[in-house]
Amino acid sequence: MLSTPPLIRRTDASVGTQDPLSRLQRALLQPYDLTGHPLLERQSARESSARTYPRRIPLALRRGRGIYVEDVAGRLFIDCLAGAGTLALGHNHPVVVEAIRRTLDDELPLHTLDLTTPVKDEFVETLFELLPPRFARDARIQFCGPTGADAIEAALKLVKIATGRQTLLAFQGGYHGMTQGALQLMGNLGPKAALGGAVSGVQFLPYPYAFRSPFGLDAAGTSAASLHYIDQLLADPEGGVPRPAGLVTELIQGEGGVIPAPDDWTRQLRRITEGADVPLIIDEVQTGFGRTGRMFAFEHAGIEPDVLVLSKAIGGSLPLSVVVYRGRLDRWTPGAHAGTFRGNQLAMAAGTATLRHLQQEQLAEHAAAMGARLNRALLELQRVHSGIGEVRGRGLMLGMELVDPAGATDPLGRPLAAPERAVRLQRACLERGLIVELGGRHGSVLRLLPPLIITEREVDAVVEIIGESMKTL
Ligand code: PLP
């Protein structure tokens, strides 16, 4: 059914023609020794102290195909980080490579600021066809930076200018990027500490994180209390919170620990924000384009945002970000949000090819099916390992919160998060040929963001590696 691209280039004898999964079976029996390579040593000597992933994923990569990457030592890995969720079609998918080649062959100017081209026009039309028709009918698009954070910056300016208001609402645990404006919206205080701590103008709201309920309630109670709190906050003339320019949310908090918002919570949030005339900004930078089992995560709840922030998968693995919003918010003036690199033609071509392929191959449905299989298997693991506190997520955006079953409990009686076990698990997976990321409070959630083209056999291989790795804890 699915055209999973072969890993091996037939002409390249060095990687052979062997089935990648049988190569990975060997890594299970004889885990990789990941001690330093000269490239890694040079990287740590030259690159900034702010570098992140190489610290826990010490790999020098030389090749990628589908869900696999190979490092310079010839070791094969399943990539369940996939560019932090960017690579919807995996590495070097033929339709993406072909779109980039075609664009190069056409001698299109590769950089056009925000001038239009046939490639840009096709990209916009393709994207708008994927949006809910009512939203698309009067929507406007702004090309941004090209990072997710720059699109968030644009969204904030857009709603502030449109409403004439200054403040914003965001959620505890939210992640929206690393520029100063985006950091304002972030729940995690760590990255903000060196910049003077919390920044004024943003009011944080409790997210429906049922496993660690901010209210000490069960799932239904947490959701209801969160909504009641927001409703009251917006209605109370003496609540000390000015009417905000917008409310920003993810519908599955990704970096915050893979925390899905219940659909009914999302519907009620839409109702509350609409009633209070507060633009609802949905950040689908990570959830966008099939990952959660629908093209956009907001479709699960049957709602529409006022402002939609998109990046990562939208560029088909190349940098691209946009904000799509209701026409009535289009009150800003020329240059209100600019930036040199808004016209990346290769990214638009790769993005169009990716979006079309997602649709043609029904990869959102495929992600739902593969995600359900993965989720079921992780729940099976949880039954065997008491160190897995919760398995959660949607589609192919899944997480496993690691806990210390023998340690102290929180006020709800749940074992506390176990960040050091999560780090050991991540390492054990890597040694067995699986790249995964950590996130969530204290970095205790193992995150899985595989390319959407993953097959059943590959899902089973991922679970086998995690299962074997769990045994080492
Ligand atoms: N919003 C969400 C939900 C994200 O997950 C991220 C990045 O992971 C961003 C925004 C920021 O995107 P970028 O890292 O491209 O600036």
Side-chain angles (χ1 to χ4, degrees), residues 48 50-53 57 80-88 142-159 168-188 190-192 202 204 207 209 246-261 266 280-292 296-298 305 307-324 337 339 341-342 344 347 350-351 393-399 436-441 443 445 447-450:
S48 127
R51 72 190 183 283
T52 52
Y53 296 107
I57 306 175
C80 278
L81 175 54
T86 300
L87 301 165
Q142 168 73 22
F143 283 81
C144 302
T147 62
D150 193 66
I152 286 286
E153 298 282 345
L156 302 187
K157 286 194 222 168
L158 174 83
V159 294
L168 294 151
L169 298 179
F171 283 95
Q172 293 161 354
Y175 182 97
H176 302 283
M178 280 284 174
T179 55
Q180 293 224 19
L183 275 179
Q184 284 185 43
L185 305 168
M186 185 198 263
N188 183 352
K192 306 201 270 197
V202 178
F204 284 91
Y207 196 76
Y209 180 14
L247 180 150
V248 187
T249 190
E250 297 155 90
L251 295 181
I252 299 181
Q253 286 190 339
E255 306 297 316
V258 197
I259 307 169
T266 305
L280 177 61
I281 303 167
I282 299 193
D283 178 345
E284 296 242 17
V285 167
Q286 200 163 120
T287 48
F289 303 109
R291 175 146 305 276
T292 68
F296 300 101
F298 64 75
V307 182
L308 179 60
V309 183
L310 299 167
S311 186
K312 292 200 193 276
I314 201 175
S317 67
L318 298 179
L320 188 63
S321 75
V322 300
V323 182
V324 187
H337 192 75
F341 286 109
R342 287 173 295 154
N344 186 339
R394 204 159 202 177
L396 285 171
M397 186 165 175
L398 295 174
V436 285
E437 176 50 334
L438 301 181
R441 310 306 204 275
V445 179
R447 304 193 54 207
L448 293 157
L449 289 164

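We count ligands from 1, going down the list as the structure has it; atoms in each ligand are counted the same way.
- Put simply, the side chain of Y209 reaches to within 4.5 Å of the side chain of R441, judged on heavy atoms.
- In terms of polar-atom proximity, defined here as any N/O pair under 3.5 Å, G148 does make such a contact with ligand 1.
- Of all protein heavy atoms, the one closest to atom 8 (O) of ligand 1 is K312 NZ, 3.0 Å.
- Among all non-hydrogen protein atoms, the one lying nearest atom 16 (O) of ligand 1 is A149 N, 2.8 Å.
- Contacts between M178 and ligand 1, counted as non-hydrogen atom pairs separated by less than 4.0 Å, are absent for every part of the residue.
- Side-chain contact between F296 and L251 is absent, with no heavy atoms from C-beta onward closer than 4.5 Å.
- Annotation for ligand 1: atoms under 4.0 Å from non-hydrogen atoms of D283 are 1 (N), 2 (C), 3 (C), 10 (C).
- Applying the 4.0 Å criterion to heavy atoms of E255 picks out, from ligand 1, the atoms 8 (O).
- The contact set between ligand 1 and Q286, taken as ligand atoms under 4.0 Å from a residue heavy atom, comprises 5 (O), 8 (O).
- Side-chain contact check for L247 versus F171: some heavy-atom pair is nearer than 4.5 Å.
- Within ligand 1, the atoms closer than 4.0 Å to a non-hydrogen atom of T147 are 15 (O), 16 (O), numbered from 1 in the order shown.
- Using a 4.0 Å cut-off to heavy atoms of H176, the atoms of ligand 1 that qualify are 1 (N), 9 (C), 10 (C), 11 (C).
- Residues V309 and E284 are not in side-chain contact: their nearest non-hydrogen atoms beyond the backbone lie 4.5 Å or more apart.
- Side chains of K312 and P319 form no contact here, defined as non-hydrogen atoms less than 4.5 Å apart.
- Shown in contact with E250 at under 4.0 Å from a heavy atom are these atoms of ligand 1, numbered in order with element: 3 (C).
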Applying side-chain contact (heavy atoms from CB on, under 4.5 Å) to D150 and H337, what does each step give before you reach the verdict?
CA-CA 9 Å; D150 193 66; H337 192 75; 2.9 Å; yes
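- With values rounded to the nearest 0.5 angstrom, L310 atom CG is found 8.5 Å from T287 atom OG1.
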